[in-house]
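One structure is given below, represented as structure tokens, and several questions about it will come after.
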Amino acid sequence: MSLPRQPSSATRARHALTTLLCLTDAGEDTRANLAVLISEACSNAVIHAAPDTTVDITIRIDDHVCVLEVGNRGVTPDDDTLAAGLPAPLTVGGRGLPLIAALADTATFVAGPPDRVLLRITKHLTEVRDA
């Protein structure tokens, strides 16, 4: 889906993911982690995307894994940014990518056209919700 570069797009993406996850047996902790992951990725895209562009989101779910891809026009940060530690406690911002790295099974920026940023996040659906 392609959403406008505005804060409400993170909420819309999270609602779409939540709806799709209802069709799976993913446990509550996994669902909650995925909600945080897509919210942080979309928020970062909204903040850092080039003006007057969209945030492009792909959600793929199979029996065992969920892959989220969040893309936008802009400059791809160094891959080391995902491995960076959290900023000082009183620092405003800078927690999104470290949080994504901590909650995802894998998270990486995928090479593409020079003016495109694509973050691919993978989370295994190993937890099964109670019947």
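All residue numbers in this chain count up from 1 along the given sequence.
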Side-chain heavy atoms of Leu17 within contact of Leu68, under 4.5 Å: yes
message: Main chain of Val65, side chain of Lys123: is a donor-acceptor contact present, judged purely on distance under 3.5 Å?
response: no
message: Whether the Arg120 and Thr108 side chains hold a donor-acceptor pair (N or O, under 3.5 Å, no angle test) is what I'd like checked.
response: no
query: Do Cys66 and Thr122 come close enough that some side-chain heavy atom pair is under 4.5 Å?
result: no
- line: Hits for side chain to side chain donor-acceptor pair (under 3.5 Å) against Thr53, two or more places apart or cross-chain, chain-then-number order -> none
task: Check the hydrophobic clustering (I, L, V, M, F, W, Y; side-chain heavy atoms under 4.5 Å; chains of links allowed) and say if Ile38 and Leu118 are grouped together.
output: no
message: Tell me whether Thr30 contacts the main-chain N or O of Ala26 through its side chain, where contact means a donor paired with an acceptor under 3.5 Å.
response: no
- request: Give me the one residue out of Val117, Asn44, Val46 that meets side-chain contact (heavy atoms from CB on, under 4.5 Å) with Asn72.
  value: Val117
message: Any heavy-atom pair between the side chains of Glu40 and Ile100 that's under 4.5 Å?
response: yes
statement: Excluding Ile47, membership of its hydrophobic cluster (Ile, Leu, Val, Met, Phe, Trp, Tyr; side-chain heavy atoms within less than 4.5 Å) reads none
query: Would you say the side-chain atoms of Thr18 pair up with the backbone N or O of Arg14, donor to acceptor, closer than 3.5 Å?
result: yes
task: Find out if a path of hydrophobic residues (ILVMFWY) with successive side-chain heavy-atom gaps under 4.5 Å connects Val110 to Val70.
output: no
message: With a sphere of 6.0 Å drawn around CG of Asp52, does it hold more than 12 non-hydrogen atoms of other residues, nucleotides or ligands?
response: no
field: Thr54 and Asp56 side chains, donor-acceptor separation under 3.5 Å
entry: yes
